[in-house]
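On a predicted model such as this, the values are computed, not experimentally measured, just so you know. As the structure lists them, so they are numbered: ligands from 1, and atoms in each ligand from 1.
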Amino acid sequence: MASLTTYSDEARIAFDTLTGRAAGLISPSLRIGVTGLSRAGKTVFITAFIHNLLHGGRLPMFDAQKSGRISKAYLEHQPDDAVPRFQYEDHIAALVESRIWPESTRAISELRLTVEFESASAWNRLLSRGKLSFDIVDYPGEWLLDLPLLGKDYDTFCQEAMEMARLPVRAELSAEWREMASGIDPDAPADEMTARRLFEAFSTYLRACKADHRALSTLPPGRFLMPGDLEGSPALTFAPLEFEPGKKHKPGSLHAMMERRFEAYKTHVIRPFFRDHIARLDRQIVLVDAMQAMNAGAEAVTDLERALTEILSCFRQGRGNLLTGLFAHRIDRILVAATKADHIHHESHDRLQAIVRRLADRAIARADFSGAAVDVLAMAAVRATREGTVRQGKETLPVIIGTPLAGETIAGETFDGETETAIFPGDLPEKPGLIFQQKKAEDGSDSPPDHPIRFVRFRPPRLEQTAEGVTLSLPHIRLDRALEFLVGDHLA
Ligand SMILES: Nc1nc2c(ncn2[C@@H]2O[C@H](COP(=O)(O)OP(=O)(O)OP(=O)(O)O)[C@@H](O)[C@H]2O)c(=O)[nH]1
Ligand SMILES: [Mg+2]
């Protein structure tokens, strides 16, 4: 099997860790990775995290804040000069002033937030300097899904890619590429034009998966969708080929060329990303949009579970994980959080959490995961709705009230982005297992899920002011519990 990192990588990580620790003596810091597939809510989560600490938000379950032990919170220069800064000010202005959601991000970014606090225990007060920095790192989940490729050779990558492409959810989207691949002889002499054509067809298929309404999780290589400055380079111009497993291929063949490029992708893209960013994390939050997957049906749920399994296996400890030893011992807590819980009534929050628990448990079992403590949560980093009830005949229905985004429609009505409306979002199933079972209609096609959530996108909330004219901080659901799990022990 391919060795994961070179000697110099290991030396560098060790050196970074040492200097990190030395610097940590002066100013202790905690590195928190925030990931999730695209549109999962990473940028909104980080913005809300920072905003609530800077502005003393209402965080009753976050002990350090609740008990008034945080005396000061402020932004500081980030430690890594070569990483773009997380544009907190722009994002918060969009949310609070314009009431629009921040734009989609396509790259890694980082921000340092420092808090000064008083420890709850006298012993800790003696030992600790009462100052801690959080380095929050935002990166696309697609890039994380590249990590398992480090432990795979080109032939394994080809086989897995073909298997995934043939699954019923993807068969149609991948048909064109598969047809092209099946007509190409891997032993033909290497040819740039053929490589390009295959790459184009393969990445068109990956893009189609991403754009699909069923919210299919992305397949590697992650940079095929977000190439950055390596676009057009050989390391980014390859594709899986179709051939008999175990077959030997000639030097100078198309197979040999693709294999070399696959290895170059690992060396020049995945490994530096892993070494520079992932290897140094202390805590990780993985955001998932479980409701969107549930609405799309059981196959989309299974797909989300598969993506979660791959992500968790990156953080697995112990033998059998190539990535171990370099960083896994450092990440000791992982939070899997279902975002956007403000789209359902609070009576369903526990059900959503139970569903995510089931998803995570299955992923943990499949990834043979052990090591870090994993917790799950249903939350909304920014709560865009209020709750109410509506009488319909003799029944009282729980509803959520908010301002749908301009252009959203419910039952034929299109919204203007200014008008508030109440909707009955529907219930989640009581038994979490139900979301994995796809019912069939009589003609054999997939029938829609029994529990579709009526899903409209709302505008961010209008911030209320107190009688003294003080603007209150952004409302949320269970953000405080997320913070307590991610950082609470370091402020105890
Ligand atoms: N109601 C509600 N909507 C949310 C929340 N978080 C995210 N959203 C919605 O989800 C969308 C995506 O959120 P982002 O934070 O931009 O997601 P991201 O993971 O950073 O997405 P990429 O940068 O594209 O990978 C937003 O535009 C909102 O419409 C939330 O807490 N409540
Ligand atoms: Mg983002």
Is there at least one pair of N or O atoms, one from [X] and one from ligand 1, spaced under 3.5 Å apart?
X      : value
Ala40  : yes
Arg39  : yes
Ala381 : yes
Ser104 : yes

Aromatic contact, [X] with [Y] (centres under 6.0 Å):
X      : Y      : result
Phe134 : His490 : no
Phe224 : Phe199 : yes
Phe49  : Tyr88  : no

Under 2.8 Å from the Mg ion (ligand 2), is there any N, O or S atom belonging to Thr43?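 Short answer: yes, at least one N, O or S atom is under the cut-off.
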Test item: Leu198 and Trp177 side chains (from C-beta on) under 4.5 Å apart, heavy atoms: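 When only atoms from C-beta onward are counted, Trp177 and Leu198 do touch, with a gap below 4.5 Å.
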Checking Arg170 against Tyr205: charged group under 6.0 Å from the ring centre and within 45 degrees of the axis?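 No; the conditions do not both hold, so Arg170 does not lie above the ring face of Tyr205.
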Can you see whether Phe273 has Arg223 sitting over its ring - NZ or CZ less than 6.0 Å from the centre and within 45° of the normal?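 Yes; both conditions hold, so Arg223 lies above the ring face of Phe273.
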For ligand 1, the portion of His343 having any non-hydrogen atom under 4.0 Å away: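 Just the side chain.
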Part of Thr43 with heavy atoms under 4.0 Å of ligand 1, whether side chain, backbone, both or neither: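 Both backbone and side chain of Thr43 come within 4.0 Å of ligand 1.
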Carboxylate-amine/guanidinium contact Arg112 Asp135, below 4.0 Å: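 Salt bridge: yes.
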Would you call Glu420-Arg386 a salt bridge at under 4.0 Å N-O?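 Counted as a salt bridge, because a side-chain N and a carboxylate O are separated by less than 4.0 Å.
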Could you check atom 14 (P) of ligand 1 against the protein and tell me its nearest heavy-atom contact, residue, atom and distance included?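 Scanning the protein heavy atoms, the shortest distance from atom 14 (P) of ligand 1 goes to Gly41 CA, 3.6 Å.
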Minimum-distance protein heavy atom relative to atom 27 (O) of ligand 1: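 Scanning the protein heavy atoms, the shortest distance from atom 27 (O) of ligand 1 goes to Trp101 CB, 3.2 Å.
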Distance under 4.0 Å to a non-hydrogen atom of Ala380: what atoms of ligand 1 satisfy this?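 Going through ligand 1 atom by atom, the ones under 4.0 Å from Ala380 are 31 (O).
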Which of the listed options, [options], holds the heavy atom that is closest to [atom]?
atom                   : options                : result
atom 8 (N) of ligand 1 : Lys340, Lys42, Arg457  : Lys340
atom 6 (N) of ligand 1 : Asp289, Val44, Thr339  : Val44
atom 1 (N) of ligand 1 : Leu287, Val382, Asp342 : Asp342

Assess the residue pair Glu408 and Arg457 against the criterion (side-chain contact (heavy atoms from CB on, under 4.5 Å)); give the C-alpha distance rounded to whole Å, side-chain angles, the decisive distance to 0.1 Å, and a yes or no. CA-CA 7 Å; Glu408 291 286 299; Arg457 290 182 308 144; 3.4 Å; yes
